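Report on the following structure.
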Protein chains: 2
Amino acid sequence: MAHRHDSEPNTGTAQRPFADALARLKEVGLRPTRQRLALAKLLFDGGDQHITAEQLHGMARNASVKVSLATVYNTLHQFRDSGLLREVVIGQGRSYFDTNIHDHHHFFVEPMGQLVDIPVDSVEVGQLPTPPDGTVLDRVDVIIRVTRSA
Amino acid sequence: MAHRHDSEPNTGTAQRPFADALARLKEVGLRPTRQRLALAKLLFDGGDQHITAEQLHGMARNASVKVSLATVYNTLHQFRDSGLLREVVIGQGRSYFDTNIHDHHHFFVEPMGQLVDIPVDSVEVGQLPTPPDGTVLDRVDVIIRVTRSA
DNA sequence: ACAGTACATTAGAACGATTATAAACTGTTG
DNA sequence: CAACAGTTTATAATCGTTCTAATGTACTGT
Ligand SMILES: [Mn+2]
Ligand SMILES: [Mn+2]
Ligand SMILES: [Zn+2]
Ligand SMILES: [Zn+2]
């Protein structure tokens, strides 16, 4: 299986943060290298987050993990391709990688570009129109753009 | 007024494509320069379109309109700020400028990145969650990602 | 019409995020 | 351990976009 579903019973990974990184990599068939283990830990320990490549690189540096920006990009893309992460492209040319891989939507707080999750059942999207000829539905993104008001 | 509403009676601009460009610029208080007139014509003559800066620059070149890419960007942004265009940021770092300024949503055909309009009442988005504290709702974008199937 | 001025256009450089390259390194297998 | 495939890395390249500052143009008042 490529990724885990929300409704599956918890297999333990969420509870054992330190052993988890290795298990995740094994599961998707990626070699557990120093860099991937460290990045997996940074990504999956603690709650869900929406993080850019630059930010993750900064977190790594901050945690004294020696890893190049190129590897951060490589790893994020591999994790995305393996279903460990979801990529959210939003704003001008910025990619966020979302550790919440369940079906959900987003608030996008401009202008600083912060993402906030919206549970999928908080938005009633009924009655989808049929896709254009020769195309098949991939995914529905609802982005609620909000701005600072205070 | 900053822009025209869907429900207003047609004031004639849609019917008189050639006189239209000038009228539109006047309406929003932009000087009718050679470049802006030419770009307005390319944008607003004919049906609605979703166009990138590069594409519009290409259309201009193709129509023997001498205009720099910088001016194409400047003009698109001015038109957007004036309410003549809507900007749709989607895909990795690409901006589309949408001549359909009415409230509506989009199919996004990957991987070539074509946009197709969805009338706003074809998608039932009810029951929006309340925005995060200190923020106020700006706009709701529904993007239905589809892929080639044939 | 003309000068004065604010606004607009432009080529080219700069930018920021991302992707490609190709050489050095490391995990795994036998 | 040897051998190989897979991985990491510094660095260059790319892409769309924005900035700069020099030149050109549209409007205003006389
Ligand atoms: Mn699934
Ligand atoms: Mn309106
Ligand atoms: Zn999310
Ligand atoms: Zn549209």
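The figures that follow rest on heavy atoms only: side chains count, while hydrogens, waters and symmetry mates do not. Fair warning: this is a prediction, and the values are worked out from it, not measured in the lab. A, B, ... follow the sequence lines: proteins, then strands. Residue 1 opens every chain.
For the pair L25(B) and P32(B), the tightest heavy-atom approach, listed with the atom from each and the gap, is CD1-CA, 3.6 Å. Residues A63(A) and L42(A) come closest through the heavy atom pair CB-CD2, 4.4 Å.
Looking at the side chain of N74(A), the nearest of the listed nucleotides dT8(D), dA11(C), dG16(D) is dT8(D).
With the nearest nucleotide of DNA chain C identified for both Q92(B) and K66(B), K66(B) has the one nearer the 5' end. Remark on DNA chain D: of its neighbouring residues L30(B) and Y73(B), the 5'-side contact belongs to Y73(B), judged by nearest-heavy-atom nucleotide. When the nearest nucleotides of DNA chain D are assigned to T33(A) and L69(B) by heavy-atom distance, the more 5′-ward of the two goes with T33(A).
A close approach under 4.0 Å does not occur between any side-chain nitrogen or oxygen of R31(B) and OP1 or OP2 of dC27(D). Between dG16(D) and S95(B), no contact under 4.0 Å exists linking OP1 or OP2 to a side-chain N or O. The phosphate of dG24(D) has neither OP1 nor OP2 within less than 4.0 Å of any side-chain N or O from R34(B). Contact annotation: H77(B) side-chain N/O to dT17(D) OP1/OP2 distance is not under 4.0 Å.
Note that the two end axes of the helix from dA1(C)-dT30(D) to dG30(C)-dC1(D) enclose an angle of 30°, each drawn from 5 base pairs, rounded to 10 degrees.
Taking a 4.0 Å limit (strictly below) on heavy-atom distances, residues 50-65 of chain A does not reach DNA chain D anywhere.
Looking only at distances, no side-chain donor or acceptor of T75(B) sits under 3.5 Å from a matching main-chain atom of V72(B). Judged by distance alone, with hydrogens and angles left aside, the side-chain atoms of S82(A) form a donor-acceptor pair with the main-chain N or O of Q78(A) at under 3.5 Å.
Side-chain N/O atoms of D117(A) and H50(A) include a donor and acceptor closer than 3.5 Å. For the residue pair E87(A) / S95(A), a side-chain donor-acceptor distance below 3.5 Å is found, with atom types taken as modelled.
In this structure, the CZ atom of R36(A) is 10 Å from the P atom of dT28(C), given to the nearest Å. Counting to the nearest Å, the P atom of dT7(D) and the CG atom of L76(A) are 15 Å from each other.
H104(A) and H106(A) have perpendicular rings, their planes meeting at more than 60° on a 0 to 90° scale where under 30° would count as parallel.
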